[in-house]
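Note on naming: letters A, B, ... go to the chains in the order of the sequence lines (proteins, then strands), and numbering restarts at 1 for each one. Just so it is clear, the structure is predicted and the values come from calculations on it, not from any experiment.
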2 protein chains.
Amino acid sequence: MNLIENSPFARKLSNFVVLTASELSALQNLHKRRRIFLAGRDLVQQGQSDQAAYILSEGWVCSYKVQSDGTRQIVDFQIPGDFLGLRSVLLRASDHSFEPITDIQAVEVQTGDLLETFANSPRLATAVLWAASRDEAMVVEHLVNLGRRDADRRMAHFLLELGARLALVGIGSQTGYDCPLTQYHLADALGLSAVHVNRVLRQLRENGLITFRSGKVTFDDRNRLVEFSGFDPEYLDQAGPLLK
Amino acid sequence: MNLIENSPFARKLSNFVVLTASELSALQNLHKRRRIFLAGRDLVQQGQSDQAAYILSEGWVCSYKVQSDGTRQIVDFQIPGDFLGLRSVLLRASDHSFEPITDIQAVEVQTGDLLETFANSPRLATAVLWAASRDEAMVVEHLVNLGRRDADRRMAHFLLELGARLALVGIGSQTGYDCPLTQYHLADALGLSAVHVNRVLRQLRENGLITFRSGKVTFDDRNRLVEFSGFDPEYLDQAGPLLK
DNA sequence: ATGCTAGACTGATCTAAAGCAGTCTTGGCT
DNA sequence: AGCCAAGACTGCTTTAGATCAGTCTAGCAT
């Protein structure tokens, strides 16, 4: 059996709200249309409108914008438990594209169902808003990362953040995690060239800070890494559920 | 007399919703506590909690994050009509600081009053959400700016965006606008050194694209500037109010 | 078994932007 | 009138990271 309270989405919301039985069943109700998408085939194209939203239940996705000159900037990665296109459903045509990095499994959510769930369970609505606000805080942190950190620190900070996010939904451990990203993904997210990403990873590895090899990220010296990158998880952490 | 419908805030919301008389008076009701802040004295410090939110009615503000090494990254500028700290009021302790760039005039909004207004006028709530989502789209665009554009294009793009934003609240014109930012502000926002900002501005000026001098930004050749920077206002524009 | 491809990896060269160490200009202060 | 401080501006040197032009390796498809 596949209990809803073990889903990454419920796990994530539990960081903000202690979910009651009826809230869990409201969540269950949203999980009607399971869908599968293949790695590399974009879910949503930049500029498209009338989108559905998705809750990612398995696999990794990235959201990105392409420029006219062909370069792309990855804005964020989505991991299990994350919403895809929440804003574009509620408010406006999507202004970026989503690419599944692995094959993924996602639940399609109709705007109407979502609004109904929110109306019946304001606590759930609050929790989702909280999660959305955390995502926004993350984008801001990426901005700082791009604007004010050199390549090594940028990479270190990014990999630490990813670890912290995965931990929130119960994936990975203190010592590391599995990570399907290629060096090209890292380059597009961190504003570097793929070549330089490779060199940066080597340096971090040689300095005994962190190892990223064949799909596994290992923190070789977590404390020194945190210190080095100036990683402050304050913007991610919730000391515990705020709504009991 | 000082009609509420001429306030930058109302003007901005009008881009999303045609405001009825009762909505205007609801807005009027929010404008109880006018406050003044002096340039350079931070409104809200990073990490502080229990904040009020403000609607900026006059002057410019920037929101920024400081890192442990002292460098700062300006995340966004707020101009008249913008909300300050909406998220921090609704959801969490503020994760960045606000610095008035000029002396400013702002209206303090209590969380309770805001929620009440939203409850009584869902269309206003929608309009505010829309505005918030536009702000988020802007942060994303800044991310692309930092990650994937060189200094010249970055500057050009930024100054064009600012012009478009000011136009939305009825400040400035097609040919340019008044701008109180120093080259240090530009540097902190664009992830450059102040020295380099100076050189970039000179180049843009010498190439006949844009002139920023003694507090005035002038588009010398707007078309070429748009072309050069790859500025696509799609993420800012609303073709007209969506809710009639 | 032999290509073919995606991704990891490397050394050499080039360039955008930083950093340093100033000067020049303007406006406010006493 | 003279001083001071902010901010604008400049030339010179250094450096982080891009770009070019590859090689190497581990799957896969035929």
Please determine whether a side-chain nitrogen or oxygen atom of B:Arg213 lies at a distance below 4.0 Å from atom OP1 or OP2 of C:dT26. no

Using every non-hydrogen atom in the two residues, find where B:Ile74 and B:Tyr64 come nearest and quote the distance to one decimal. CA-CB, 3.8 Å

A:Arg149 bridged to A:Glu141 by N-O distance under 4.0 Å: yes

So which nucleotide from D:dT19, C:dA18, D:dC9 ends up closest to the side chain of B:Arg205? D:dC9

Measure CG/A:Asp152 against P/D:dA16 and give the value in whole Å, please. 9 Å

When rounded to whole Å, the OH to P distance for the pair B:Tyr184 and C:dG19 reads 13 Å

Whole angstrom is fine here: how far is it from CG in B:Asp150 over to P in D:dT19? 11 Å

B:Val139 and A:Val140 have their tightest heavy-atom pair at CG1-CG2, 4.5 Å

Does A:Gly191 reach a base, just sugar-phosphate, or nothing at all? Heavy atoms under 4.0 Å. sugar-phosphate

Under 3.5 Å between N/O atoms: give me all the protein pairs with nucleotides 10-13 of chain C, atom names plus distance.
| unit_1 | atom_1 | unit_2 | atom_2 | d |
| --- | --- | --- | --- | --- |
| C:dT10 | OP2 | A:Arg202 | NE | 2.7 |
| C:dG11 | N7 | A:Arg199 | NH1 | 3.3 |
| C:dA12 | N6 | A:Arg199 | NH2 | 3.4 |

Between B:Arg205 and B:Asp220, is there a side-chain N and carboxylate O pair less than 4.0 Å apart? no

To the nearest Å, give me how far apart CG (A:Asp188) and P (C:dG7) are. 12 Å

For the residue pair A:Val75 and A:His142, what are the closest heavy atoms and their distance? O-ND1, 3.3 Å

Which heavy atom of A:Val128 sits nearest a heavy atom of A:Leu86, and at what distance? CG1-CD2, 3.9 Å

Take the protein atom CG of A:Leu201 and the nucleotide atom C1' of C:dA8, then report the distance between them rounded to whole Å. 10 Å

Taking atom P of C:dA8 as reference, at what distance in whole Å does atom CD of A:Glu206 sit? 17 Å

Option from A:Phe9, A:Phe98, A:Phe37 for which ring pair (Phe, Tyr, Trp, His ring centres under 6.0 Å) with A:Tyr54 holds: A:Phe37

How bent is the helix from C:dA1-D:dT30 to C:dT30-D:dA1, comparing axes over its five end pairs at each side, to the nearest 10°? 30°

With side chain to side chain contact (heavy atoms under 4.5 Å, CB included) as the test, would you mind laying out the steps for B:Arg154 and B:Leu192 before giving the verdict? CA-CA 10 Å; B:Arg154 217 183 281 177; B:Leu192 301 170; 3.6 Å; yes

Mark yes or no: B:Arg153 above the aromatic ring of B:Phe228, with NZ or CZ under 6.0 Å from the six-membered ring centre and no more than 45 degrees from the axis. yes

Whole angstroms only, please: what is the CZ-C1' distance between A:Phe212 and C:dG7? 12 Å

Considering every strand and a 4.0 Å limit on heavy-atom distances, what is the contact class for B:Leu192: base, sugar-phosphate, or nothing? sugar-phosphate

Touch check for A:Gly40, heavy atoms < 4.0 angstrom, all strands: base, sugar-phosphate only, or nothing? nothing

Nucleotide D:dT25, atom C1' - distance to CD of A:Gln183 in whole Å: 13 Å

Closest listed nucleotide, where the reference is the side chain of B:Thr182 and the choices are D:dA18, C:dG7, D:dG7: D:dG7

